[in-house]
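Structure record follows, encoded as structure tokens.
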Amino acid sequence: MDFDTVMQELEGLGKERTRKMYMSNGAKEPVFGVATGAMKPMSKKIKTDQALAESLYATGNYDAMYFAGIIADPKAMTEADYERWIDGAYFYMISDNIVSVTLSESDIAQEVADRWIDSGEEMKMSAGWSCYCWLLGSRKDEAFETGKISGMLDRAEEEIHDAPERAKASMNNFIYTVAASFLPLHDKAVETARRVGTVEVIRENKKPAILDAYGNIQKQVEKDRIGFKRRYVRC
């Protein structure tokens, strides 16, 4: 499938209700409003096509950008490629659900995510912390340095309440994910979440979101889901 065909297919799959939902969360026109599940038949036909993914991402169309993440080749992308993608991520559904997801399947994920966390830029910080969530939730515990993840927990505890809004949400999710998916630091993450308490995230045109990592961790404990790992990260 070529670029024009994919764009036509995406437009045809768009639903007004879904478009409005995406826009209420921060997406800007152009948006078709395609449900992610509706993209699967096309993704099965294409599988991986990095050149097409780049063309789709460059459109600025939210649905095309999302589909770009599905068909991209994460290991073929360079640091410069990921920097270009994060520069185009104007709201969290792109930074956290497209860019960070794609990055998490690359061999340079931690290196790039570390740099983004240190950047001081809201979307980059959000993507960096989110990338670690995808990594911890899918890769074996042995793939990580326990000391490094422990230090990141300390940093999250110290900085979360003063961080940019979207970074707050991703840092909160990081604490939760360590507790739920990284067994060596489960106990420390639980205590970190308890000390952090609830986190208020201010959202444009919406009521503030109140996040509670500690409460969510306890729900996973009750369901006996501690140590859970995803089999797949991307759709």
Side-chain angles (χ1 to χ4, degrees), residues 48-51 53-54 56-58 65-66 68-160 162-186 188-189 192 228-235:
T48 300
D49 188 330
Q50 184 60 32
E54 291 289 357
L56 292 169
Y57 194 88
M65 295 172 83
Y66 192 95
I70 295 176
I71 65 170
D73 183 353
K75 293 185 178 181
M77 293 177 67
T78 65
E79 291 187 28
D81 293 328
Y82 285 110
E83 290 296 336
R84 185 174 63 258
W85 277 39
I86 194 62
D87 286 343
Y90 62 85
F91 82 121
Y92 79 96
M93 287 174 65
I94 300 175
S95 64
D96 298 2
N97 299 338
I98 302 174
V99 182
S100 68
V101 170
T102 307
L103 176 61
S104 72
E105 293 197 357
S106 74
D107 295 329
I108 56 174
Q110 291 192 50
E111 180 181 349
V112 174
D114 289 344
R115 187 166 63 248
W116 288 353
I117 288 170
D118 291 337
S119 71
E121 299 177 40
E122 185 171 13
M123 290 299 99
K124 285 188 175 182
M125 292 172 68
S126 185
W129 286 102
S130 290
C131 183
Y132 270 96
C133 295
W134 295 113
L135 288 167
L136 289 162
S138 61
R139 298 190 184 185
K140 293 181 179 180
D141 291 346
E142 293 76 20
F144 306 93
E145 295 179 12
T146 300
K148 178 180 181 178
I149 303 302
S150 179
M152 292 178 70
L153 280 174
D154 294 337
R155 180 175 183 175
E157 179 180 354
E158 180 180 351
E159 299 179 3
I160 189 168
D162 296 318
E165 300 305 312
R166 284 310 316 177
K168 286 181 184 178
S170 296
M171 294 164 79
N172 183 81
N173 194 34
F174 172 81
I175 296 170
Y176 162 82
T177 303
V178 175
S181 297
F182 189 62
L183 290 178
L185 291 175
H186 168 77
K188 177 171 181 173
T192 300
F228 169 77
K229 299 285 186 180
R230 296 175 180 270
R231 186 174 180 181
Y232 301 106
V233 176
R234 292 187 295 171
C235 294

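This is a predicted model, so every value here is computed, not measured. Along the sequence shown, residues are numbered consecutively beginning with 1.
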- Please name the pair of heavy atoms, one in A109 and one in R139, separated by the smallest distance, quoted to 0.1 Å. CB-NH2, 4.4 Å
- Note on the structure: Of V99, D81, I98, the one forming a side-chain contact (heavy atoms from CB on, under 4.5 Å) with I86 is V99
- Message: Using a 3.5 Å distance criterion without hydrogens, assess whether the side chain of S181 forms a donor-acceptor pair with backbone atoms of F228.
- Response: yes
- Do side-chain atoms of S95 reach the backbone of Y92 as a donor and acceptor pair under 3.5 angstrom? yes
- Query: Got a salt bridge between R155 and E158, using NZ or NE/NH1/NH2 to carboxylate O under 4.0 Å?
  - Reply: no
- Task: Look up atom CZ in R84 and atom CD in E54, then write down how far apart they are to the nearest 0.5 Å.
- Result: 4.0 Å
- Item | Among T177, L185, D141, side-chain contact (heavy atoms from CB on, under 4.5 Å) partner for L136 | T177
- Query: Measuring from D118:CG to K124:NZ, what's the distance to the nearest 0.5 Å?
  - Reply: 11.5 Å
- Run the side chain to side chain contact (heavy atoms under 4.5 Å, CB included) check on R115 and E83 step by step: do they pass? CA-CA 10 Å; R115 187 166 63 248; E83 290 296 336; 3.2 Å; yes
- Message: Distance check, rounded to the nearest 0.5 Å: L135 atom CG versus E105 atom CD?
- Response: 9.5 Å
- Where is the tightest heavy-atom contact between V178 and I149, given as atom of each residue plus distance? CG2-CG2, 4.0 Å
- Identify the heavy atoms of G88 and I94 that sit nearest to each other, and give their distance. O-CD1, 4.4 Å
- Item | Side chain to side chain, I117 and M152, heavy atoms closer than 4.5 Å | yes
- Query: Just by distance, with hydrogens left out, do D96 and S126 show a side-chain donor and acceptor under 3.5 Å apart?
  - Reply: yes
- Query: When rounded to the nearest 0.5 angstrom, what distance separates OG in S170 from CE in M123?
  - Reply: 8.0 Å
- Note on the structure: So CD of E165 and CE of M125: to nearest 0.5 Å the spacing works out to 11.0 Å
- Quick one: sort the Y82 and W116 rings into parallel, tilted or perpendicular, breaks at 30° and 60°. perpendicular
- Provide the closest heavy-atom pair for A72 versus T102 in the form atom of the first, atom of the second, distance. CB-CG2, 4.2 Å
- Item | Evaluation steps, salt bridge (charged side-chain N to carboxylate O under 4.0 Å, His left out), between E157 and K188 | CA-CA 11 Å; E157 179 180 354; K188 177 171 181 173; over 6 Å; no
- Note on the structure: Rounding to 0.5 Å, atoms CG (L103) and CD (Q110) come to a distance of 10.0 Å
- Item | Heavy-atom closest pair, residues S106 and P74 | CB-O, 3.5 Å
- Give the C-alpha distance, both sets of side-chain angles, the deciding distance and a yes or no for side chain to side chain contact (heavy atoms under 4.5 Å, CB included) between T192 and F174. CA-CA 11 Å; T192 300; F174 172 81; over 6 Å; no
- Message: To check you understand the geometry: which heavy-atom pair defines the closest contact between A163 and K168, and what is its length?
- Response: O-CE, 3.3 Å
- Task: Establish, from distance only, whether the side-chain atoms of Y132 and N173 form a donor-acceptor pair under 3.5 Å.
- Result: no
